[in-house]
Amino acid sequence: MNTKIDLKTLGQDIVYVKPVQVSDLPAEVQSEVGDLEELFAVHNAEGEQLALVANRKLAFHLARENQMQPVTVH
């Protein structure tokens, strides 16, 4: 079967979730997170950070609430 697929739209609903060490973040962000040592960043397919949240479960929930498919980045 030869079905044309627009590769530009492929993966548009996927977001990537990765752990981020608080110590690697700018000082103004570090001062906002309290005693957490790790946060989770949610990025779109272009690598743009969409959110920074307290835990992986929240990152996945946030993505799904916005009709996105979260995947973990190692």
Side-chain angles (χ1 to χ4, degrees):
M1 179 181 291
N2 291 328
T3 304
K4 290 187 177 185
I5 297 173
D6 184 0
L7 295 177
K8 293 178 188 172
T9 61
L10 189 63
Q12 290 295 321
D13 60 346
I14 294 175
V15 292
Y16 301 91
V17 177
K18 70 175 189 173
V20 177
Q21 296 300 308
V22 171
S23 61
D24 293 337
L25 297 172
E28 61 270 10
V29 177
Q30 290 182 27
S31 66
E32 299 286 326
V33 299
D35 62 349
L36 295 174
E37 294 181 15
E38 182 177 70
L39 297 176
F40 285 80
V42 180
H43 294 265
N44 64 16
E46 289 79 36
E48 177 185 14
Q49 183 176 303
L50 304 174
L52 195 58
V53 297
N55 59 56
R56 183 180 179 278
K57 184 176 179 179
L58 181 57
F60 272 65
H61 179 75
L62 176 67
R64 290 182 180 124
E65 282 293 312
N66 288 283
Q67 291 74 46
M68 304 300 275
Q69 296 178 27
V71 295
T72 301
V73 175
H74 298 281

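The structure presented is a predicted model; accordingly, all values stated were derived computationally and were not measured.
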A quick test of your reading: do over 12 heavy atoms of other residues, nucleotides or ligands sit less than 6.0 Å from CD of E28?
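Correct, the count exceeds 12.
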Could you report the tightest heavy-atom contact between [X] and [Y], atom names first, then the distance?
X   : Y   : value
F40 : A54 : CD1-O, 4.3 Å
L36 : V22 : O-CG2, 3.4 Å
P70 : M68 : CD-O, 3.3 Å
Y16 : V73 : CB-CG2, 3.4 Å
V20 : L25 : CG1-CD2, 3.6 Å

Please tell me if the side chains of [X] and [Y] come closer than 4.5 Å, counting only heavy atoms from C-beta onward.
X   : Y   : value
E38 : Q21 : yes
V33 : L52 : no
F60 : V17 : yes

Of all pairs that satisfy side-chain hydrogen bond (donor to acceptor under 3.5 Å, both in side chains), the ones with a partner from residues 57-73, not counting sequence neighbours:
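Every side-chain hydrogen bond (donor to acceptor under 3.5 Å, both in side chains) pair that includes a residue of residues 57-73, provided the two are not neighbours, is D13-Q69, R56-T72.
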From L39 atom CG to N55 atom CG, the distance as rounded to the nearest 0.5 Å:
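Those atoms lie 9.5 Å apart.
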Does one hydrophobic cluster hold both V42 and L58, with members joined at side-chain heavy-atom distances below 4.5 Å?
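Cluster IDs for V42 and L58 match.
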